[in-house]
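Values in this document were obtained by computation on a predicted structure and should not be read as measured data.
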Number of protein chains: 4
Amino acid sequence: MNDSGEGTAQAARPKRADARRNEAALLDAAAAVFVASGVEAPVRDIAAEAGVGVGTIYRHFPTRADLIVAVYRHQVDACAEAGPALLAAGATPHAALAEWINRFVDFLVTKHGLAAVLQSDNAGFDTLHTYFLDRLVPVCAELLDAAVEAGEVRSDLGALELLRGVGNLCIGAEDPRYDARRLVDVLIAGLRRPPAH
Amino acid sequence: MNDSGEGTAQAARPKRADARRNEAALLDAAAAVFVASGVEAPVRDIAAEAGVGVGTIYRHFPTRADLIVAVYRHQVDACAEAGPALLAAGATPHAALAEWINRFVDFLVTKHGLAAVLQSDNAGFDTLHTYFLDRLVPVCAELLDAAVEAGEVRSDLGALELLRGVGNLCIGAEDPRYDARRLVDVLIAGLRRPPAH
Amino acid sequence: MNDSGEGTAQAARPKRADARRNEAALLDAAAAVFVASGVEAPVRDIAAEAGVGVGTIYRHFPTRADLIVAVYRHQVDACAEAGPALLAAGATPHAALAEWINRFVDFLVTKHGLAAVLQSDNAGFDTLHTYFLDRLVPVCAELLDAAVEAGEVRSDLGALELLRGVGNLCIGAEDPRYDARRLVDVLIAGLRRPPAH
Amino acid sequence: MNDSGEGTAQAARPKRADARRNEAALLDAAAAVFVASGVEAPVRDIAAEAGVGVGTIYRHFPTRADLIVAVYRHQVDACAEAGPALLAAGATPHAALAEWINRFVDFLVTKHGLAAVLQSDNAGFDTLHTYFLDRLVPVCAELLDAAVEAGEVRSDLGALELLRGVGNLCIGAEDPRYDARRLVDVLIAGLRRPPAH
DNA sequence: TATGAATGAGTATTCATTCAT
DNA sequence: CATGAATGAATACTCATTCAT
């Protein structure tokens, strides 16, 4: 009752509020630096952008993967959660899949370097991989399975593979001569089963 | 002959041969190291593999991009040159394009890290980009245009874009859970124009 | 009473008790951490073990030396106080000295890292040195002098020197291949005057 | 014939000479810094003292243990090699042991921090431990065994233990109030077996 | 008075690149 | 021309200590 409650008048832990604010600022700063220099930017740059010492970064996010996950968690979660609704609302499973993938692409395309890191085999990023895959592969699989079941798309492709393909297509999307969205569109179109005869 | 005269012809010739041999050995070594450790392998590793000093590498190939280009030039050229023949021999332009792309993929997936570097925005790799694009984009464009003209594929995609998409799909092809060839197959299938209803 | 008056006596008293309890808890925690990780363990570890913030440690013990002294004061005092009794009860002054040294060794070898820190020339440990020496050197001197006077031991060694030698022999006593007690035994035996021939 | 020869007029590898000179300078600098700041001095300080970049240190001595061993190798070897001669020449095995230990102490006492590091359980110093022990324990054992056999000294102490005790007694020998030599003298005296009856 | 968040100095290590031999 | 030794910038991470709440 008087513990960790936030609604009570007691207001036991003012620090907590500060720290939370600080953490939010950190995430903003990290997001900004990630956009500018990619998710592998030096810790010091992020600290500088946030106007804090490097120790503060490490306090809040012991590993870089923790930081990246924290920065993108909300968007990844939102993407994941949108899946079922799209499936329910979509004209066809394939259309739902396409729309869901579009959202994923919208997310990725604005994250300089994230797509690249997502396929890095660097051990330090395991947590990151795990988070993304745990969160997104099941959703993708659900949509993909539905489309396969409906006979709309070829069945020899896994959800992980598809997601990685899409992720890869988003690499380098900063270049105006390269339209990742269009290429993903082509890829998703290519999933379609050729009409029976 | 075009060298500072050394008096006897006997002294000048062997040197040239040596240098050429040396450069070839360098390329072999680099290729081997690229396979093992990727195209971003430490210069020293390459020098060690070649049995030369690092200075020798820098003398022959001032930038890493120069070295990479030199290592893959033959294969890239061969790929480029195969385009017209495939177009002439293919059942349809789309089939020719697919086959040509397959060859490009075959080349890329065996070059650990090359696909990743091909989309790096690092200034040092400009030469590399330039070479690959100068060499391959025109060929790809020719095949693509033919297919567009034949009404087989959508017309809103550029050759550069397509090549980069394919290149991106080849990133991380070392992972057995990820079949770059299949994904490229899907992509190429997706190029097809939906049958006019 | 000697505190800034808070009006009611009721408010002031419990605080004092709390503070004392707190300090005792701190010492217990520090002792535990010292055993586990040595006397140079991170301040945070000690704070965590005590369940307090690091600030609390610093408030009570501004320097690490202060904390170490506080943790071991009782045992050092007990050791110091045992001296005269041992001298009175011992069969010979040398036996008394040996027994007293044994007690010192028993104390030291169970204090992971303390012996090492006792000879550190780091300025921050001055307080620590001072305390140990002020407390123990006079006692050791008394025992040593008695033994010298009795003609049992050589006279060219000072009490400080002897204590430091013993302390040094206790360094690394954690290693089972190293028996500090035995070496100290040898050292004390070596003090004996060679029998006059 | 023209390979790696140094006596030939060819003088094939001038670099080698430079590097060797450089390495010697490095060792001198390291020795100086070790004296001033102990063997755990920052790599940068050593580099600065030697007037070289840190990379040069790492090139010659990949680990700190390598550097320490290199700095002290000659003296350790000399010490080890002196053992048999001393045994042969000594009045008694115990006297030979005492003299050999004295030489070891002479070596250690001038090496600020070395004694401390010799008993550090830090994994990075394994090579160092190994070198010292491999080199010195057998010699010490030979001398000790001889003395035991001659019935001069107690037999319950191992050579490793003895050496570590001596090493420990040398810690802090910088302090003028502490005479490590005298304490070691006492220790060695203490080894003597009490006369039979 | 207690807390623990924030600070930032300090250190190790790698590797691209230069240049004396 | 070839060599490879030397350089030093770049970066990660820890932990003692301070100070706002």
Proximity to DNA chain F (any heavy atom under 4.0 Å), residues of residues 28-45 of chain A only: A:P42, A:V43, A:R44
d(B:T127 OG1, B:H129 NE2) to nearest 0.5 Å is 9.5 Å
Note on DNA chain E: ranges paired as stems (three or more Watson-Crick/G-U pairs in a row, both atom distances under 3.5 Å) are E:2-21 with F:2-21
Heavy atom of residues 52-66 of chain D under 4.0 Å from DNA chain F: which residues? D:V52, D:G53, D:V54, D:G55, D:T56, D:R59, D:H60
Assign A:G124 to base, sugar-phosphate, or nothing according to its heavy-atom contacts below 4.0 angstrom with the strands shown. nothing
Respond yes when some side-chain nitrogen or oxygen of D:N22 is under 4.0 Å from OP1 or OP2 of F:dA5, and no when none is. no
Report the residues that fulfil ring-ring contact (aromatic ring centres under 6.0 Å, His included) with A:F34, sequence neighbours left out, ordered by chain and then residue number. none
Spacing between C:L67 atom CG and F:dT17 atom C1', to the nearest angstrom: 15 Å
Report yes if some heavy atom in the side chain of A:R64 is under 4.5 Å from a heavy atom in the side chain of A:V43; otherwise report no. yes
side-chain hydrogen bond (donor to acceptor under 3.5 Å, both in side chains) partners of A:E23, counting only residues at least two apart: A:H60
If you round to the nearest 0.5 Å, how far is CG of A:L114 from CD of A:E40? 10.5 Å
Could you pull out the closest heavy-atom pair between A:E49 and A:V33, with the gap in Å? CB-CG2, 3.6 Å
Within the structure provided, determine whether B:L27 and B:L67 are in side-chain contact (heavy-atom separation under 4.5 Å). yes
Are any non-hydrogen side-chain atoms of B:I68 and B:F125 less than 4.5 angstrom apart? yes
side-chain contact (heavy atoms from CB on, under 4.5 Å) partners of B:T63, counting only residues at least two apart: B:A65, B:D66
Looking at OG1 of D:T56 and CD1 of D:I46, how far apart are the two atoms once the value is rounded to the nearest 0.5 Å? 12.5 Å
